[in-house]
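Take a look at the structure below.
Naming convention: chains lettered A, B, ... in sequence-line order (proteins, then strands); numbering from 1 in each chain.
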Protein chains: 2
Amino acid sequence: MMKLDARRRILLRTVVEEHVRTAEPVGSEHAALRGRLRVSPATIRSALASMEELGLLTHPHTSAGRIPTDRGYRVYVDMLPKADPLSSSARQKIRRRLGDPAEEPGDVVNDAARMLAGMTGYASVVAAPGLQEQMFGSLHLVPLGEQRALAVIATDSGALQGHSIELPEGVAPDDLEHLSRAITHRLQGSRVGDLTHQRLEQVLGEACHHHRWLEEVKAWLWRNLAQGIRPQIRVAGARHLLAEPEFKSPDRATRLFEALEDESALVGMLAAVPDEGVWILIGEENPHEQLRACSLVMSAYRAGDRRGTIAILGPTRMRYRRAVTAVRFVAESLSEAMRSSA
Amino acid sequence: MMKLDARRRILLRTVVEEHVRTAEPVGSEHAALRGRLRVSPATIRSALASMEELGLLTHPHTSAGRIPTDRGYRVYVDMLPKADPLSSSARQKIRRRLGDPAEEPGDVVNDAARMLAGMTGYASVVAAPGLQEQMFGSLHLVPLGEQRALAVIATDSGALQGHSIELPEGVAPDDLEHLSRAITHRLQGSRVGDLTHQRLEQVLGEACHHHRWLEEVKAWLWRNLAQGIRPQIRVAGARHLLAEPEFKSPDRATRLFEALEDESALVGMLAAVPDEGVWILIGEENPHEQLRACSLVMSAYRAGDRRGTIAILGPTRMRYRRAVTAVRFVAESLSEAMRSSA
DNA sequence: GCTGGCACTCTGGGCGGAGGAGTGCCAGCC
DNA sequence: GGCTGGCACTCCTCCGCCCAGAGTGCCAGC
């Protein structure tokens, strides 16, 4: 733990907040004024210099003011008060919009993403609850014309995956019906993430050992269940980032947007978020190289027995307090909305 | 129809293609050289001046070369040869990637979007086939625990929409089963887009007149079917546009990205694309104000009896030939892939 | 430990001039 | 009539320059 005296703490906070506000380096005089420190700029300067030695601040060139380093932001963030109130009008707006029971689950995710982006002025990333942690509900094989069937997996919380599969000749609708029931019966209540290939083999074997076309159902089930269905991901408000001075150079912006289009990387990052609390990644701490100029403020939410994640992505020079408040509250509201509806 | 003599046609083509290549205004000498016209620059100048009077060209300031106007691009595009070959290696790659029968329909759409963007270096927009033009296949009401059911609509081509609905007390699984069958039986084969609210009322009335919870099923059916389910839309490669000089100013870029996040506007634009052929919107022709600096190259594709749309979005200073070739071929491949698999 | 003073450094903006690209027009030629 | 070379003109862009300003580090003194 970094130990800083009161003055240095105030200075760190002041430098961070002023830099975040103006995107400019903060000079000693300005910092003294803003921090309401009644000492001379020269004194401030020596304090700033010591914090620079600690690696919390830098300056871009000899005669410029100070800007925080990633470590500086980290210490600042860790100093932040845990709870921060949100205006009650904002709370209501969010609750109302997310709580609408007429909405599809997919729409809720979209809404949440758009709201987060709108509230903070940064980009947001929202991952819908994945199937992994859900309970298997039922499998339905529905005949579709000639030699085709629609296979639908439903989990007990209402998520669906569907696919049409080809059948060999001579499969009667009753066969399908029978197989559906058998599989449903045997898998019901298993956690989707727990299904192994063996288990599947076994279940299908028991259910019905004389159909060759089982192979196709099996392959498909396997792909859809155990192999980890990518959670649906939604990015919103990326455009806000273009307004930030750190992304005014086209190739920085390009790299950023490349990263945002790389869904699997995003999924990976979000998967690492702990179940409780707001998690923050600052600059260099970010595993994704393309996002080293960014910070992420993330939180998981719960939808029944499923888990989803939301995040805000902005420059390291980010309004962390606001972001944390927004993320925390939206995550809570989302959990609530998911509990009451689907 | 704009009538241009051979020289002017060559000049228009040269100016457009050179400007597209370099993003710079094209001078008379350069144009003469590139167009292999064996006349002096002075002659070229007078021809260029006349085309400026026709509104096909402008120059940004007195001593600069010519750049095409939107009308200039339009005439250029209309002069383009209809068919343009695509290298056979590229064809194969596309076919292989889209044709993989193991893929989910949603993935095919994603792949198509990514490929279009990659091939052209612009952004792509792909709309998955909507339900409107599909045939109703079946409705399944699946009991989910206590007072909850999962309602799944399937069309005959395998598309799904699912939602969980709340049930009043006293609904037995058999009721659900019965209702599912009744509704399926009555609606099967209807075009989804043709279902009216009345028709729905009537069918539900016939199917079962004593359940109050029908209201909920009905509302949901109506929302999902007749009210036009927004087709799933996918934008890819938006980052490429950041590299284009016309979007290097952050606020232009911002406006562009705003437009790209406005899904309903995109859906609207794509809906207007005719069933056959490649459709092009250039700059001012674009109904969407935010996209006046862009051109769109679009084509519909068929997936059984459904219709989807693909588009490339780039600056007006766009490689139209390449874009047209890519869009045409991907649309064809997509139609093929959809025919053979789902 | 704090302060004012001072020399130093580096950036960013404004200015002016040179260079160059390209135009329009015109008189002459085929 | 269409094409040409010549010419004057316009306007942008780049470059070097300088200066003001902001902010620093250090030091001697309280």
Side-chain angles (χ1 to χ4, degrees), chain A residues 3-12 14-19 21-69 72 245-246 248-249, chain B residues 3-12 14-19 21-69 72 245-246 248-249:
Chain A
K3 65 179 192 184
L4 294 175
D5 56 23
R7 176 180 295 161
R8 271 164 243 233
R9 279 205 301 273
I10 294 178
L11 274 176
L12 178 59
T14 311
V15 170
V16 168
E17 287 175 0
E18 282 302 287
H19 178 61
R21 204 171 58 85
T22 62
E24 301 283 307
V26 183
S28 54
E29 195 164 356
H30 189 78
L33 226 68
R34 277 290 180 152
R36 294 181 208 286
L37 291 171
R38 304 216 153 276
V39 290
S40 81
T43 313
I44 302 289
R45 275 204 285 283
S46 81
L48 291 176
S50 75
M51 295 172 73
E52 187 158 348
E53 275 179 20
L54 291 175
L56 305 181
L57 302 176
T58 2
H59 49 213
H61 57 85
T62 23
S63 73
R66 298 309 206 288
I67 59 176
T69 61
E246 21 276 285
K248 72 172 202 297
S249 112
Chain B
K3 67 180 196 186
L4 294 174
D5 56 22
R7 176 179 295 160
R8 271 164 242 234
R9 279 205 302 273
I10 292 177
L11 274 176
L12 178 59
T14 311
V15 169
V16 167
E17 288 175 0
E18 282 301 288
H19 178 61
R21 202 169 59 84
T22 63
E24 300 282 309
V26 182
S28 54
E29 195 164 355
H30 189 78
L33 225 69
R34 277 290 180 152
R36 294 179 207 286
L37 291 171
R38 306 216 149 275
V39 289
S40 80
T43 314
I44 302 288
R45 276 205 285 283
S46 80
L48 291 177
S50 75
M51 294 172 73
E52 188 158 349
E53 276 179 21
L54 290 176
L56 305 183
L57 301 175
T58 3
H59 48 212
H61 58 84
T62 22
S63 73
R66 296 314 205 286
I67 59 175
T69 61
E246 23 276 286
K248 75 170 199 298
S249 113

In whole Å, I'd like the distance from the [atom1] atom of [X] to the [atom2] atom of [N].
{"X": "Glu24(A)", "N": "dT11(C)", "atom1": "CD", "atom2": "P", "answer": "14 Å"}
{"X": "Ile67(B)", "N": "dT23(C)", "atom1": "CD1", "atom2": "C1'", "answer": "15 Å"}
{"X": "Ile44(B)", "N": "dG24(C)", "atom1": "CD1", "atom2": "P", "answer": "13 Å"}
{"X": "Leu37(B)", "N": "dT4(D)", "atom1": "CG", "atom2": "C1'", "answer": "15 Å"}
{"X": "Arg38(B)", "N": "dC30(C)", "atom1": "CZ", "atom2": "C1'", "answer": "19 Å"}
{"X": "Leu48(B)", "N": "dG24(C)", "atom1": "CG", "atom2": "C1'", "answer": "12 Å"}
{"X": "His61(B)", "N": "dG24(C)", "atom1": "NE2", "atom2": "C1'", "answer": "15 Å"}
{"X": "His19(A)", "N": "dG23(D)", "atom1": "NE2", "atom2": "P", "answer": "14 Å"}

[X] side-chain N/O to [N] phosphate OP1/OP2 under 4.0 Å:
{"X": "Arg45(A)", "N": "dC2(C)", "result": "no"}
{"X": "Arg66(B)", "N": "dT23(C)", "result": "yes"}
{"X": "Ser28(A)", "N": "dT24(D)", "result": "yes"}
{"X": "Ser63(B)", "N": "dC11(D)", "result": "no"}

message: Under the criterion side-chain contact (heavy atoms from CB on, under 4.5 Å), I'd like the reasoning laid out for Glu24(A) against His30(A): C-alpha separation, chi angles, the key distance, then a yes or no.
response: CA-CA 11 Å; Glu24(A) 301 283 307; His30(A) 189 78; over 6 Å; no

Reckon [X] touches a base, only the sugar-phosphate, or nothing at all at heavy-atom distances under 4.0 Å?
{"X": "Ala64(B)", "value": "sugar-phosphate"}
{"X": "Thr62(A)", "value": "sugar-phosphate"}
{"X": "Ser46(A)", "value": "nothing"}

message: Is any side-chain heavy atom of Val15(B) closer than 4.5 Å to one of Met51(B)?
response: no

message: I want to check something: taking the side chain as every heavy atom from C-beta on, are Leu37(A) and Thr43(A) in contact at a cut-off of under 4.5 Å?
response: no

- request: List in chain and number order the residues that pass side chain to side chain donor-acceptor pair (under 3.5 Å) with Arg9(A), two or more places apart in sequence or in another chain; answer none if no residue qualifies.
  value: none

message: How close do Pro68(B) and His19(B) get, counting heavy atoms only, and between which atoms?
response: CD-CD2, 3.6 Å

- prompt: Where do Ala31(B) and Leu11(B) come nearest, in terms of heavy atoms and distance?
  reply: CB-CD2, 4.0 Å

message: Is it true that, when you exclude Glu29(B) itself, more than 12 heavy atoms of the residues, nucleotides or ligands shown sit nearer than 6.0 Å to its CD?
response: no

Could you check which of [options] has an atom nearest any side-chain atom of [X]?
{"X": "Val39(B)", "options": "dT23(C), dT10(D), dT4(D)", "value": "dT4(D)"}
{"X": "His59(B)", "options": "dG24(C), dT24(D), dT4(D)", "value": "dG24(C)"}
{"X": "Arg7(A)", "options": "dT23(C), dC2(C), dT24(D)", "value": "dC2(C)"}

Which donor-acceptor pairs under 3.5 Å do the side chains of residues 55-67 of chain A make with protein atoms, sequence neighbours left out?
unit_1	atom_1	unit_2	atom_2	d
His61(A)	ND1	Ser63(A)	N	3.4
Arg66(A)	NE	Glu52(A)	OE1	2.6
Arg66(A)	NH2	Glu52(A)	OE1	3.0

message: Need to verify one output field. Residue with the more 5' nearest nucleotide on DNA chain D, Gly27(A) or Ser40(B)?
response: Ser40(B)

task: Please work out the stems of DNA chain D from pairs that are Watson-Crick or G-U wobble with both distances under 3.5 Å, keeping only runs of three or more consecutive pairs.
output: C:1-30 with D:1-30

